[in-house]
Peer 1: 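Sending over a structure as structure tokens; questions will come in a sec.
Predicted, not measured: the structure shown is a model, and the values here were computed from it.
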Amino acid sequence: KLKECDLEPHEFESWHHQEIYGCARELMNAGKVADLLTVSDELNKRLTDTTITDYLAEVVSKAYLGGAFGQYQEIIHAAYRKRQASSIAESLRHGLEHGSDSDPVDKAIQELMSLNQLGKCHDHDMVSVMRAGVRMIDEAREADGLTGISSGLPDLDASLGGFHETDLVVIGARPAMGKTAFMLNIA
């Protein structure tokens, strides 16, 4: 589930959670296992405060994810956005009361608009892109052929590897050539 998570460490309110999540995410991005032992070991290397590993063990012992991982992620996103919006409102109030060189209203509007971009970061460095690519290749190799959803047509599956979540497949042909029938057979 951590591979699919789009949270950033700074979105967590507690510094404990920021450090733990950041460490686990870095381990996953490096293609390593992120479990209690590996995250604790990495945190012990980074930090002099050993209470965080005790806290991590307590969190893991009490944690229950079940099928609610996506809901938990949304709760964290919403709480972060609320904290950011409160901070922007406080800056606006302070700017209006004490005056400033720039227009505090325009600045507040710009910052509030940027909150809509949370979780939509498209900036990647070459190392993370390459690691993600290698991980996808490894998963495809382990899957023995079909890595996506089968189309039901073996030749098409062999060339595409199945349909994937991010694929846009365009079916083009002249009128009355069977595009609709083809798509209905796939569906």
Side-chain angles (χ1 to χ4, degrees), residues 1-13 17-18 20-35 38-39 42 63-85 88 106-187:
K1 295 281 183 182
L2 193 59
K3 289 180 186 178
E4 303 162 7
C5 186
D6 65 349
L7 290 171
E8 295 292 329
H10 66 269
E11 293 185 67
F12 291 88
E13 187 170 9
H17 295 158
Q18 291 175 359
I20 292 168
Y21 177 73
C23 182
R25 188 168 170 189
E26 287 174 20
L27 287 169
M28 291 292 293
N29 287 341
K32 298 178 182 175
V33 175
D35 60 10
T38 57
V39 173
E42 190 65 30
Y64 170 74
L65 285 180
F69 187 82
Q71 289 176 342
Y72 296 155
Q73 186 173 296
E74 289 303 316
I75 290 169
I76 294 168
H77 275 307
Y80 175 72
R81 287 172 53 107
K82 188 175 182 179
R83 287 191 308 274
Q84 290 300 103
I88 293 167
D106 286 342
K107 183 180 177 192
I109 290 171
Q110 184 179 13
E111 290 174 352
L112 286 170
M113 295 296 284
S114 72
L115 281 179
N116 286 333
Q117 299 303 314
L118 286 179
K120 299 177 185 174
C121 179
H122 302 290
D123 295 335
H124 303 284
D125 62 349
M126 186 56 78
V127 173
S128 66
V129 170
M130 293 301 292
R131 283 185 181 142
V134 169
R135 187 172 41 247
M136 289 172 64
I137 290 169
D138 288 342
E139 289 171 2
R141 187 178 65 228
E142 291 171 5
D144 290 328
L146 189 66
T147 58
I149 298 170
S150 174
S151 66
L153 303 169
D155 291 340
L156 184 62
D157 287 341
S159 63
L160 296 178
F163 292 119
H164 299 89
E165 202 173 283
T166 58
D167 286 350
L168 171 64
V169 179
V170 178
I171 307 297
R174 295 188 50 78
M177 298 303 289
K179 296 181 297 290
T180 303
F182 172 71
M183 293 305 296
L184 289 173
N185 284 326
I186 290 175

Peer 1: Checking the side chain of Y80 only, and the main-chain atoms of E8 only, is there a donor and an acceptor separated by less than 3.5 Å?
Peer 2: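 Flag not set: sc Y80 to bb E8 has no pair under 3.5 Å.
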Peer 1: Counting neighbours of NZ on K82 that are heavy atoms of other residues, nucleotides or ligands and sit closer than 6.0 Å, is the number greater than 12?
Peer 2: no
Peer 1: Tell me, please, which residues at least two apart from D167 pass salt bridge (charged side-chain N to carboxylate O under 4.0 Å, His left out).
Peer 2: none
Peer 1: To the nearest 0.5 Å, what is the distance between CD1 (I88) and CD (Q110)?
Peer 2: 10.0 Å
Peer 1: Applying side-chain hydrogen bond (donor to acceptor under 3.5 Å, both in side chains), can you list everything that pairs with N29, at least two apart in sequence or on another chain?
Peer 2: none
Peer 1: What are the two closest heavy atoms between G152 and D157, and how far apart are they?
Peer 2: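 For G152 versus D157, the nearest heavy atoms are N-OD2, 3.7 Å.
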Peer 1: Starting at NE2 of H77, measure out to CD of E74 and round the result to the nearest 0.5 Å.
Peer 2: 5.5 Å
Peer 1: Applying side-chain hydrogen bond (donor to acceptor under 3.5 Å, both in side chains), can you list everything that pairs with E26, at least two apart in sequence or on another chain?
Peer 2: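 With neighbours one apart ignored, the set is R46.
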Peer 1: So which heavy atom on P9 is nearest to which on G22, and how close?
Peer 2: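 So the minimum-distance heavy-atom pair works out to CG-CA, 3.7 Å.
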Peer 1: What pairs with A78 under side-chain contact (heavy atoms from CB on, under 4.5 Å), at least two apart in sequence or on another chain?
Peer 2: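 With sequence neighbours excluded, A78 shows a side-chain contact (heavy atoms from CB on, under 4.5 Å) to no residue whatsoever.
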Peer 1: Who pairs with R83 by salt bridge (charged side-chain N to carboxylate O under 4.0 Å, His left out), at least two apart in sequence or on another chain?
Peer 2: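 Scan of R83 (salt bridge (charged side-chain N to carboxylate O under 4.0 Å, His left out), adjacent residues dropped) gives E13.
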Peer 1: State, to 0.1 Å, how close R25 and L7 come at their nearest heavy-atom pair, and which atoms those are.
Peer 2: NH1-O, 2.6 Å
Peer 1: Nearest heavy-atom pair of A24 and A34: which atoms, and what distance?
Peer 2: O-CB, 3.7 Å
Peer 1: Between atom CD1 of I149 and atom CD1 of I186, what is the distance when rounded to the nearest 0.5 Å?
Peer 2: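 It comes to 12.0 Å.
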Peer 1: Enter the distance from K107:NZ to E111:CD here, rounded to the nearest 0.5 Å.
Peer 2: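 If I round to the nearest 0.5 Å, the distance is 5.0 Å.
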Peer 1: How are the rings of F12 and H17 set to each other: parallel, tilted or perpendicular (split at 30° and 60°)?
Peer 2: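 Perpendicular.
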Peer 1: Dump the intermediate steps for side-chain contact (heavy atoms from CB on, under 4.5 Å) on M183 and I171, then the final yes or no.
Peer 2: CA-CA 8 Å; M183 293 305 296; I171 307 297; 3.5 Å; yes
Peer 1: Under the rule for side-chain contact (heavy atoms from CB on, under 4.5 Å), what residues qualify as partners of M177, not counting sequence neighbours?
Peer 2: A173, R174
Peer 1: Given L156 and F182, is the side-chain contact (heavy atoms from CB on, under 4.5 Å) satisfied, shown in steps?
Peer 2: CA-CA 12 Å; L156 184 62; F182 172 71; 4.0 Å; yes
Peer 1: Once you round to the nearest 0.5 Å, how far does CZ of R131 lie from CG of D138?
Peer 2: 13.5 Å
